[in-house]
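Data first, discussion second: the structure below is written as structure tokens.
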There are 2 protein chains.
Amino acid sequence: MAGPLTIGRVAKATLCKVQTVRYYEKIGILPSPGRSAGNQRIYEQSHIERLAFIRHARDLGFTLKSVRELLSLADQPDQPCDVADTIARKHLLQVETRLERLLSLKTELKRMIHQCKGGQISDCRIIQVLHDHHLCLGGHQ
Amino acid sequence: MAGPLTIGRVAKATLCKVQTVRYYEKIGILPSPGRSAGNQRIYEQSHIERLAFIRHARDLGFTLKSVRELLSLADQPDQPCDVADTIARKHLLQVETRLERLLSLKTELKRMIHQCKGGQISDCRIIQVLHDHHLCLGGHQ
DNA sequence: CCTTGAACCTATAGTTACTAGAGCATTTAT
DNA sequence: ATAAATGCTCTAGTAACTATAGGTTCAAGG
């Protein structure tokens, strides 16, 4: 029932897809595991931990590039953590920018929808706004 | 000085890149313009308007697929605008979801950064949180 | 008129982070 | 023993562009 840590079990344990696990191996972010007699991947617990780290960082919106950096940091516990801090701060800035943008976008969409009263396309506020940028008051780009 | 509407002028007028204009033509979202004697694209005003529509919708975060739908609606002014409304509403929902997610993400990042006091990686909260999902209080997936 | 440099052309490949499919081998359960 | 599930590799597809290479055309200056 338990048996060896096949790719399917690892994927289930970390909530990511089987192909994604293989993909992470291929791009070198997850070490190649050993193989069974029949050439199937057999993982160790450490693989699961690394995968969990990756998935978690991705969930938080870090790019794989950043994840790579964070992982190499995590592998050197004696180093100072300024670099990790810098990565996180840079990411926070990006997140805040995206947040602002999405917020003004939401406002604009709400206004568009609110003013579209189910008439004809020719009177449709949504289409009008898309035609004439100056009709929208939001500060989006 | 004014001259014909070449691709460069159209791109400048709509704030998008020359390659992007060609790309939109290639994927069939922007009609192919006429050509000059020397095989260069010569646009009409209508192209600029359509491009502006596209860029504006993309700015608002609509996918090209949605833009395609909205454009085909815009081309039929006599139709009811329920469909445009539905597209916009669906998009609004997506935007709101993303917003929530980004917000909890921002909270989590801030806490991570706040608690990382420039020590060593072994004590770094950022790395710790990425290692152990349960350390983070945020509701992200 | 000629040249030079900017802008144009096509076609192809690269980006990010996966996801999906074909076609076959192995493992597990019955 | 067999059938279903899972695994394997390799390739291509996704979104929405962006970039490069290698060549043509156009507009302006001398």
Side-chain angles (χ1 to χ4, degrees), chain A residues 1-30 32-43 47 50-51 53-71 91 94 98 101 141, chain B residues 1-30 32-43 47 50-51 53-71 90-91 94-95 98 101 141:
Chain A
M1 198 123 287
L5 275 176
T6 59
I7 197 168
R9 286 188 199 158
V10 167
K12 197 169 281 178
T14 53
L15 301 176
C16 73
K17 306 212 169 167
V18 166
Q19 302 105 293
T20 309
V21 181
R22 288 200 203 100
Y23 170 71
Y24 285 159
E25 179 184 340
K26 192 172 144 204
I27 64 169
I29 208 170
L30 185 70
S32 298
R35 296 289 179 123
S36 74
N39 198 35
Q40 301 197 348
R41 289 171 178 82
I42 306 296
Y43 293 89
H47 287 102
R50 199 171 175 95
L51 248 178
F53 187 104
I54 297 168
R55 285 311 324 168
H56 194 185
R58 293 286 302 126
D59 267 355
L60 285 168
F62 288 93
T63 62
L64 274 183
K65 188 164 172 272
S66 293
V67 176
R68 239 183 252 272
E69 290 172 3
L70 290 169
L71 273 170
H91 184 49
Q94 283 167 11
R98 262 191 281 167
R101 218 167 135 53
Q141 201 0 324
Chain B
M1 196 123 288
L5 275 176
T6 59
I7 197 168
R9 287 189 196 156
V10 166
K12 196 168 284 181
T14 54
L15 300 177
C16 71
K17 307 213 167 163
V18 165
Q19 302 106 295
T20 308
V21 180
R22 290 200 201 101
Y23 170 72
Y24 286 159
E25 179 183 342
K26 192 171 143 206
I27 64 170
I29 208 170
L30 185 71
S32 297
R35 297 287 179 125
S36 72
N39 198 35
Q40 301 198 347
R41 290 171 178 82
I42 306 296
Y43 293 88
H47 286 101
R50 200 171 177 96
L51 250 178
F53 186 104
I54 296 169
R55 285 311 324 169
H56 194 185
R58 293 285 302 125
D59 268 354
L60 286 168
F62 288 94
T63 62
L64 273 182
K65 188 164 173 268
S66 292
V67 175
R68 239 182 252 274
E69 289 173 3
L70 289 168
L71 273 169
K90 208 170 113 194
H91 184 51
Q94 285 167 11
V95 167
R98 261 190 281 167
R101 216 167 135 54
Q141 205 345 333

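Residue numbers start from 1 in every chain, and the chains themselves are labelled A, B, ... in the order their sequence lines are given, proteins ahead of strands.
Of the N and O atoms on the side chains of B:Tyr24 and B:Arg55, at least one donor lies less than 3.5 Å from an acceptor on the other residue.
Taking only side-chain nitrogens and oxygens, A:Lys17 comes nearer than 4.0 Å to OP1 or OP2 of C:dA20. Between B:Arg41 and D:dC26 there is no side-chain polar atom (N or O) within less than 4.0 angstrom of OP1 or OP2. Considering only side-chain N and O atoms, B:Thr6 lies under 4.0 angstrom from the phosphate OP1 or OP2 of C:dC8. Dashed line: the shortest gap from a side-chain N or O of A:Ser36 to OP1 or OP2 of C:dT27 is under 4.0 Å. Taking only side-chain nitrogens and oxygens, B:Thr20 comes nearer than 4.0 Å to OP1 or OP2 of D:dT18.
The separation between B:Arg58 atom CZ and D:dC17 atom C1' is 9 Å, rounded to whole Å. The nearest whole Å value for the distance from the CD1 atom in B:Ile29 to the C1' atom in D:dA16 is 11 Å. Rounded to an integer number of Å, the gap from A:Leu30 CG to C:dA17 P is 16 Å. The interatomic distance linking A:Glu25 (CD) with D:dG7 (C1') rounds to 13 Å, in whole Å. What separates CZ of A:Phe62 from P of C:dT16 is a distance of 17 Å, to the nearest Å. Protein atom OH of A:Tyr23 is 11 Å distant from nucleotide atom C1' of C:dT19, rounded to whole Å. Between B:Ile27 atom CD1 and D:dT18 atom P the separation is 12 Å, expressed in whole Å. Whole-Å rounding puts the A:Lys65 NZ to C:dA17 P distance at 10 Å.
Heavy-atom distances to DNA chain C give each of A:Tyr24 and A:Gln40 a nearest nucleotide, and the one nearer the 5′ end belongs to A:Tyr24. Each of A:Asn39 and B:Gln19 lies near DNA chain D, and the nucleotide nearest A:Asn39 is the one positioned closer to the 5' end. Along DNA chain D, the nucleotide nearest B:Lys26 and the nucleotide nearest A:Lys12 are compared for position; the residue whose nucleotide lies closer to the 5' end is A:Lys12.
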Kindly determine whether B:Tyr43 and B:Val21 satisfy side chain to side chain contact (heavy atoms under 4.5 Å, CB included), including the steps that lead there.
-> CA-CA 11 Å; B:Tyr43 293 88; B:Val21 180; 3.5 Å; yes
Run the side chain to side chain contact (heavy atoms under 4.5 Å, CB included) check on A:Gln40 and A:Ile7 step by step: do they pass?
-> CA-CA 8 Å; A:Gln40 301 197 348; A:Ile7 197 168; over 6 Å; no
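Note on B:Arg22: a base of the nucleic acid sits closer than 4.0 angstrom, heavy atoms only. Within the nucleic acid shown, A:Arg68 has no heavy atom closer than 4.0 Å to any nucleic acid atom.
Each of B:Leu5, B:Thr14, B:Leu30 was checked for a side chain to side chain contact (heavy atoms under 4.5 Å, CB included) with B:His47, and the lone residue meeting it is B:Leu30.
To the nearest 0.5 Å, atoms NZ (B:Lys65) and CD1 (B:Ile29) are separated by 12.0 Å. The SG atom of A:Cys16 lies 11.5 Å from the CZ atom of A:Arg58; values are rounded to the nearest 0.5 Å.
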Taking Watson-Crick and G-U wobble pairs with both distances under 3.5 Å, convert DNA chain C into its dot-bracket string, 5' to 3', dots for unpaired and | for cross-strand pairs.
-> ||||||||||||||||||||||||||||||
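Residue A:Gly61 comes nearest to A:His91 through the heavy atom pair O-CE1, 3.0 Å, listed as atom of the first residue, atom of the second, then distance.
Checked by atom type and distance alone, the side chain of B:Arg41 never pairs as donor or acceptor with a backbone atom of B:Ser32 at under 3.5 Å.
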